[in-house]
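Have a look at the structure below, then the notes.
Start at 1 and go down the list; that is how both ligands and their atoms are numbered. Bear in mind the structure is a predicted one, so any value in this text is a computation, not a measurement. Side chains are part of it too, since the values below use all heavy atoms of this structure and drop only hydrogens, waters and symmetry mates.
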Amino acid sequence: MSRLIVVSNRVTAPTNQPAGGQGGLSVALAEALREYGGIWFGWSGERTLEFTGHIDMQRTGGITTATIDLEEQDVEEYYNGYANKTLWPLFHYRIDLTEYDRNFDAGYARVNQRFADTLVPIIEPDDIIWVHDYHLIPLAGELRKRGVTNRIGFFLHIPWPPSRLLATLPRHEALVETLFDYDLVGFQTTEWRESFRDHLLRETDAVEGEGGSITAFGKTIATGAFPIGIDAQSFMEAADSPEALVIRKRMAESINGRQMIVGVDRLDYSKGLEERFLGYERFLADNPERSEEVFLLQVAPPTRGDIGSYQEIRSKLDTLSGRINGAYAEFDWVPIRYVNRGYPRHELAAIYRTARIGLVTPLRDGMNLVAKEYVAAQDPANPGVLILSRFAGASLQLTDALLINPYSQEEIADAIKQGLDMPLPERKRRWEAMIDGVVNDDVVKWRTDFVEALEAVPERID
Ligand code: ADQ
């Protein structure tokens, strides 16, 4: 049987420690690789004075990790620079926040070359290679230059932007062309796949083939939508675990008969936190007689704190939560409990379970795992209500959530009211319509579907 080599920017070995700012990608990969016997290759998160190419191999939690350290300049130009100041905002439709800088380009190219140089010696002929996310788009091209002929797949965890936005990226042609060095390019939803196809049809002489294949630049690749899921079974169990029960009891005491609305997000401008706070404030303003029945718990661990736009959104939210609390709080009630930290999975599950409403309002999101986790954590006999942005990839699957436009404060406020008033039979009906998908289309199915599709791609003839 062939080995699977997974490559992503960061490798975070699975631990039982609090999740911290660990994002959806690392949570999902740790779960997907366990018991597969594969290798997970990437950056250790450590900085070194001079890049050596030394690989640190470790076996932890049932998977083998292979990590390299990067230089300070690499981290600045590749990770903080091209990945998170250029591609992340651009791919989330925020060209107002996108920075274009040739040094970032150079750092991005250099680190992808470093990944390829160090990875090549550990690749065996039958291995299949699965590269993850926007940090590593050029990796297959670099591997091909070094003679690697193995199957290589790419999965994009974030949206693919509209063609006219992508056109603002200098040298976007080369970025797009290098995706044709993969055998399979996967997206979270058909919407992002179509956006990729539309870009190719508009900007190149691409031809669409059968079953998602696309030919351009003299090469043919397979493409497809592979919606990522969660480890639903273990999440459901986590919500009922003895540790979770302790937290649920503590929460019940602190809630004191009120209804809790919960938001859980990395502190990122794509998550629509400012709009969420304003929508909630609108609810408070519109419903003064009801406002003290509820409170919003927003859990938002800071990420990418070296980047200016992240410092700005953080300070905006500090101000906004302070202002709303100052304006509306009573001596025995605050409308927003705002917490900048991560929680272990079982505590998170307990928090979701206790919340009457899960409020998930990204302005743009590849998928959004929090929405699925909220559904999985509910009590079947008394489930809560999911309010979900129609601009999250997850909204294509969770169609029985209350779908809202996150830019509209009125829609958020109305949905909160509707969620609080929703009778039990409707809550059950909506939840039952969603839970099967969350359980069946889980992270294992995502991994299996992707790997099988990669194995099924016909041999390349370059
Ligand atoms: P993210 O942008 O990180 O992921 P999301 O899919 O919601 O967004 O995943 C976040 C993960 O981090 C969830 O598993 C959540 O439980 C965890 N998390 C968030 N806050 C936490 C906290 N305070 N404590 C503990 N855990 C916390 C990117 C893309 C998404 C895509 C995923 C997976 O942006 O669109 O769904 O990758 O592909």
Side-chain angles (χ1 to χ4, degrees), residues 6 8-10 12 14-32 83-84 87-89 91-94 130 132-135 154-160 186-189 191-192 225-232 234-235 238-239 247 262-273 297-304 310 337-352 355 358-377 386 388-389 391-398 438 441-443 446-447 450:
V6 163
S8 66
N9 166 57
R10 273 296 298 277
T12 43
T15 64
N16 295 319
Q17 297 306 307
Q22 208 179 23
L25 169 66
S26 46
V27 173
L29 282 187
E31 284 166 353
N84 286 327
L87 293 183
W88 176 273
F91 279 44
H92 287 88
Y93 297 45
R94 293 297 300 270
W130 186 6
H132 290 263
D133 232 3
Y134 57 102
H135 315 82
F154 178 79
F155 184 77
L156 184 68
H157 289 256
I158 65 176
W160 185 269
F187 300 88
Q188 298 273 23
T189 68
E191 187 180 347
W192 314 134
F226 302 88
I228 197 168
I230 60 168
D231 187 350
S234 86
F235 213 86
I247 303 290
V262 76
V264 174
D265 313 73
R266 284 184 307 100
L267 210 172
D268 192 297
Y269 50 77
S270 68
K271 300 295 182 186
L273 292 164
L297 171 65
Q298 177 61 54
V299 184
T303 50
R304 306 176 191 166
Y310 285 79
R337 297 186 188 179
Y338 181 45
V339 188
N340 290 127
R341 55 160 286 193
Y343 286 99
R345 318 276 313 144
H346 68 271
E347 293 194 17
L348 209 55
I351 292 171
Y352 291 138
L359 193 50
V360 184
T361 62
L363 305 179
R364 203 61 63 172
D365 216 331
M367 175 55 63
N368 194 291
L369 295 178
V370 168
K372 296 185 175 184
E373 290 167 359
Y374 178 77
V375 171
L386 175 65
L388 178 61
S389 163
F391 304 128
S395 70
L396 272 63
Q397 294 175 298
L398 301 173
V438 170
D441 301 332
D442 67 354
V443 71
W446 169 71
R447 181 206 71 202
F450 187 92

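Taking all atoms of both residues into account, the shortest heavy-atom contact from Leu87 to Tyr134 is CD1-O, 3.4 Å. When every heavy atom of Asp442 is checked against every heavy atom of Ile230, the shortest pair comes out as CB-O, 3.1 Å.
For the atom pair CZ (Phe450) and CZ (Phe155), the distance works out to 7.5 Å, reported to the nearest 0.5 Å. The distance from the CG atom of Leu363 to the CZ atom of Phe391 is 8.5 Å, given to the nearest 0.5 Å. Taken to the nearest 0.5 Å, the CG atom of Asp231 stands 13.0 Å off from the NZ atom of Lys372. Between atom CZ of residue Arg364 and atom OH of residue Tyr269 there is a gap of 14.0 Å, rounded to the nearest 0.5 Å. Here NZ of Lys271 is found 6.5 Å from NE2 of His92. Values are rounded to the nearest 0.5 Å.
Residue contacts with ligand 1 include Trp88, since one of its heavy atoms falls under 4.0 Å from the ligand.
For ligand 1, the atoms lying closer than 4.0 Å to a non-hydrogen atom of Glu373 are 13 (C), 14 (O), 15 (C), 16 (O). The atoms of ligand 1 that sit less than 4.0 Å from any heavy atom of Val264 are 19 (C), 20 (N), 21 (C). Residue Arg266 has at least one heavy-atom neighbour below 4.0 Å for each of these atoms of ligand 1: 1 (P), 2 (O), 3 (O). Within ligand 1, the atoms closer than 4.0 Å to a non-hydrogen atom of Val370 are 7 (O), 15 (C), numbered from 1 in the order shown. Counting the atoms of ligand 1 from 1 in the order shown, those under 4.0 Å from a heavy atom of Gln188 are 31 (C), 38 (O). Residue Val299 approaches ligand 1 through these ligand atoms, each under 4.0 Å from one of its heavy atoms: 23 (N). Set against the non-hydrogen atoms of Gly342, the atoms of ligand 1 under 4.0 Å away are 22 (C), 23 (N), 24 (N). Taking every non-hydrogen atom of Arg341 and a distance limit under 4.0 Å, the qualifying atoms of ligand 1 come out as 23 (N).
Residue-to-ligand polar distances place Tyr343 within reach of ligand 1: an N/O pair is separated by less than 3.5 Å. By the 3.5 Å distance cut-off applied to N or O atoms, Leu348 is not counted among the residues near ligand 1. Checked by distance only, ligand 1 and Gly366 come closer than 3.5 Å through their nitrogen or oxygen atoms. For the pair Ile228 and ligand 1, the shortest N or O to N or O distance does not fall below 3.5 Å.
At a heavy-atom cutoff of 4.0 Å, ligand 1 is contacted by no atom of Ile230, backbone or side chain.
In this structure Asp268 satisfies the salt bridge (Lys or Arg N to Asp or Glu O under 4.0 Å) test together with Arg266, Arg304, sequence neighbours excluded. Under the side-chain hydrogen bond (donor to acceptor under 3.5 Å, both in side chains) criterion, Asn368 pairs with Asp365, sequence neighbours left out.
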- Query: Given Val360 and Leu386, is the side chain to side chain contact (heavy atoms under 4.5 Å, CB included) satisfied, shown in steps?
  - Reply: CA-CA 8 Å; Val360 184; Leu386 175 65; 3.8 Å; yes
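Of the options Gln298, Lys271, Arg345, Met367, the smallest heavy-atom separation from atom 8 (O) of ligand 1 is shown by Lys271.
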